[in-house]
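Read through the structure below, which is laid out as structure tokens, and then see the notes.
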Amino acid sequence: MSLKVGVAGATGYAGGELLRLLLGHPQVEIGALTAGGSAGSRLGEHQPHLVPLADRVVEATTAEAFSGHDVVFLALPHGASAELARALPEEVTVLDCGADFRLTDAQDWQKFYGTEHAGSWPYGLPELPGQRDQLRGATRIALPGCNVTAATLALFPAIAAGLVDGHDITVTGAVGPSGAGKSAKPHLLGSELMGSATPYGVGGTHRHTPEMVQNFRAVGAADPTVSFTPVLVPMARGILVSCTAPLADPSTDTAAVRRAYQQAFDDEPFVHLLPEGQWPQTQWVTGSNHCMVQVVVDPTVGRLVAISVLDNLTKGTAGQGIQALNLSRGFDETTGLTAMGVAP
């Protein structure tokens, strides 16, 4: 039996990546494709690489467009998902690629987003301890932020094992511009991006910061603090995060840290601890639902260094969404997904 799956925001980067992956999912029939200003146009005008869907007409984003659907992905701007989600029947599985339902703390939401908190849904990061049980059978799922996914996978094994306490965490992320969406913005023009790296969201203002804190608290950090600085770099897609945190015991060595990460990731289909001394590169995960991680102890300062890479549109958004969908509907978690990147 196939699921009828619709995508709201089908003409954007996240929507396009969802459709690319859904076309290869054996349990899916692609239903309504909707958008805002591009409603009435052919999908091929916006996603020419999706040849099987090129002649489909993009509809306006309404609850009525998704009548009779089993699953709806919301690839909409932050703040736009809640109203549509409320109008969809409870039995429909709704997965939100935006931020509307990620945060459990209403004050954090209001501080970083400035609107009324819509509530929280089960969190779609399967690798977090205990999270798969929360996703099985869920009909409402909040998908994590892409930077948050990279930082959480880089650090949570060390926090959960008590190797770091979660205080004074620093995260620096090199991020491709596709994470900012498809809307035309001057700072995302090729002439502005090429040959340059630009920090943004500096000084604790980036909206992914409270989500990182929330995740680190969920895996055992009593009072986590995070300083996050993202840096826009000239690559279309991808994230590399470099994270550091003080060791709970300064005598802890790299071997002990690696044991904790191996225990956390050995059975994971989409997270891989690299061999010692091999440092991850974003090009290795392009187009895949894969996160690569490397860890080392810096004994001169008594800190853990953890670096991870992932494709922000796949493991950071759409692939993770399909991974969560598979869990919610009882399919094998890897259905329709690959851990293999594209090279060169």
CD of Gln263: more than 12 outside heavy atoms within 6.0 angstrom?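 No.
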
Q) Is there a donor-acceptor pair under 3.5 Å between the side chain of Thr282 and the backbone N or O of Ile239? A)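 Answer holds: no.
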
Going by distance alone, is a donor N or O of one side chain under 3.5 Å from an acceptor N or O of the other, for [X] and [Y]?
| X | Y | answer |
| --- | --- | --- |
| Thr139 | Glu91 | no |
| Thr149 | Gln320 | yes |
| Ser288 | Thr314 | no |
| Ser328 | Thr93 | no |

- Ser242/Thr172 under side chain to side chain donor-acceptor pair (under 3.5 Å): CA gap, chis, key distance, verdict: CA-CA 5 Å; Ser242 178; Thr172 303; over 6 Å; no

message = Let's go through Phe112 and His208 carefully: what are the C-alpha distance in whole Å and the side-chain angles of both, what is the deciding distance for ring-ring contact (aromatic ring centres under 6.0 Å, His included) to 0.1 Å, and is it a yes or a no?
response = CA-CA 9 Å; Phe112 283 85; His208 286 178; over 10 Å; no

Quiz prompt | Residues Cys146, Val175; criterion side chain to side chain contact (heavy atoms under 4.5 Å, CB included); working and verdict | solution = CA-CA 9 Å; Cys146 52; Val175 185; 5.5 Å; no

Which hydrophobic side chains are connected to Val309, either touching it within the sub-4.5 Å cutoff or through other members that do?
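Grouped by the 4.5 Å side-chain rule, Leu240, Leu274, Trp279, Trp284, Val285, Met292, Val296, Val305, Ile307 form the rest of the cluster around Val309.
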
Side chains of residues 335-344: which donor-acceptor pairs under 3.5 Å do they make with residues two or more places apart or in other chains?
unit_1 : atom_1 : unit_2 : atom_2 : d
Thr335 : OG1    : Asp332 : O      : 2.8
Thr338 : OG1    : Met340 : N      : 3.0

Discussion item. If the threshold is 4.0 Å, N to carboxylate O, is there a salt bridge linking Arg303 and Asp298?
Written reply: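 Looking at Arg303 and Asp298, the cut-off is not met.
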
